[in-house]
There are 2 protein chains.
Amino acid sequence: MLTTTEVAAARRRAADILADAGIALTPEERDGIEVADFGLSRLEELGLELLVYVNTDRVCAKELVLFPRQTCPEHRHPPFDGTPGKEETFRCRRGLVYLYTEGDRSPAPAAQLADADRGVFTVWREIVLAPGDQHTIPPNTLHWFQAGDEGAIVTEFSTTSRDELDVFTDPRVRRTTVVASRVAPHGSASGRNAG
Amino acid sequence: MLTTTEVAAARRRAADILADAGIALTPEERDGIEVADFGLSRLEELGLELLVYVNTDRVCAKELVLFPRQTCPEHRHPPFDGTPGKEETFRCRRGLVYLYTEGDRSPAPAAQLADADRGVFTVWREIVLAPGDQHTIPPNTLHWFQAGDEGAIVTEFSTTSRDELDVFTDPRVRRTTVVASRVAPHGSASGRNAG
């Protein structure tokens with residue numbers, strides 16, 4: 001399990017990466033960045049830093065920060081509550097993202113994985129996203145992604161996010177959140193009300 | 001009606017504003033920025049420049065560019081196809097945005113309107129959005145917004161966008177699109193496929 005100090009350091013590092021990219025956050029947002037190690041305690045390799053902008057019962061948007069070569073483990077978003085499950089579009093803002101999803105295996109994928117992990121990554125259709133590129137993952141479709149050597153920032157536009165329902169290929173994964181995602185029926189933070 | 005030259009100039013200006021903010025676009029996206037004058041031929045006052053990132057049958061995301069004091073006229077997003085209508089979250093990225101929606105009238109609203117237009121702006125609850133601030137507009141709720149003196153960039157996270165269904169308070173408005181919004185069942189541009 002990550003220590004409080006490790007989580008705080010990762011959160012600060014992610015906040016600095018977003019600031020360097022000119023992405024304005026409120027102080028509360030900077031403090032609320034979620035650090036996900038998927039219960040594997042190998043954050044630098046298998047992990048993700050997330051800022052949830054909004055997550056209503058219809059729409060979700062997040063900023064994802066990946067440290068160099070950091071990898072989000074393979075998973076899918078299953079149907080729930082009569083919906084087909086989460087549909088998500090990844091848009092690369094900074095760095096390179098190697099995204100893998102269902103389909104024909106790419107001959108020479110660029111992602112780097114430890115040998116011990118290879119068995120829990122089963123989809124190998126590679127989609128490379130540079131800044132300005134995006135790709136939409138249909139619901140209930142296996143996918144995983146790794147940042148390139150410089151790390152990456154990805155904006156995610158999606159339907160409602162219910163992270164606790166995600167199905168991971170690796171049975172060791174525990175999708176506990178260090179900072180709970182903000183979920184509100186009609187959005188999160190509001191602007192400054194005058195009058 | 002705007003001339004082709006005017007549209008091209010506004011598109012280039014909006015693309016430059018996004019580039020200055022460090023928002024990476026593909027060349028196709030830069031050329032596809034929509035210039036909306038709402039049929040009023042007063043683009044500098046009443047208009048909006050939009051880039052649609054994605055608009056599926058569930059999720060939509062756009063970048064909105066507003067020139068200094070440019071105003072998006074008052075409108076609402078009505079129910080359609082069994083849905084409650086478009087729900088949208090505005091997140092300010094650059095500049096200041098004066099957003100007005102239903103509720104108690106703010107005593108000293110900051111927006112500036114020509115006298116001739118005042119009758120077609122009926123909601124005056126003011127929400128001021130600075131970079132990092134956001135606000136969610138429920139479906140079918142009247143709203144309008146104006147950029148401050150420096151202009152603004154706003155990211156919109158929403159459910160499916162059907163601009164042609166929008167109901168404007170000003171009967172003169174025609175929501176024709178100069179560049180059609182890209183609508184695809186599973187997202188728009190995809191990344192670079194390797195292999």
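Chain identifiers are assigned alphabetically (A, B, ...) following the order of the sequence lines, protein sequences preceding nucleic acid strands; residue numbering begins at 1 within each chain.
Distance check, rounded to the nearest 0.5 Å: CZ of A:Arg91 to CD1 of B:Ile23 gives 9.0 Å.
What you find for B:Tyr53 and A:Gln134 is that their closest heavy atoms are O-NE2, 2.5 Å. The shortest non-hydrogen separation linking B:Thr136 to A:Val54 is OG1-CG2, 4.2 Å.
B:Val173 and B:Leu165 fall into different hydrophobic clusters, where Ile, Leu, Val, Met, Phe, Trp and Tyr residues are linked whenever their side-chain heavy atoms come under 4.5 Å apart, directly or through other members.
Neither the backbone nor the side chain of A:Arg105 has a heavy atom closer than 4.5 Å to any heavy atom of chain B.
Here B:Gly85 is the residue among B:Gly85, B:Cys60, B:Ala21 with the most heavy-atom pairs under 4.5 Å with chain A.
Looking at heavy atoms from C-beta onward, A:Thr26 lies in side-chain contact with B:Asp133 at the 4.5 angstrom threshold.
Relative orientation of the B:Phe157 and A:Phe157 rings is tilted, given thresholds of 30° and 60° on the angle between their planes.
In this structure, B:Glu87 contributes its side chain and A:Arg58 its backbone to no donor-acceptor pair below 3.5 Å.
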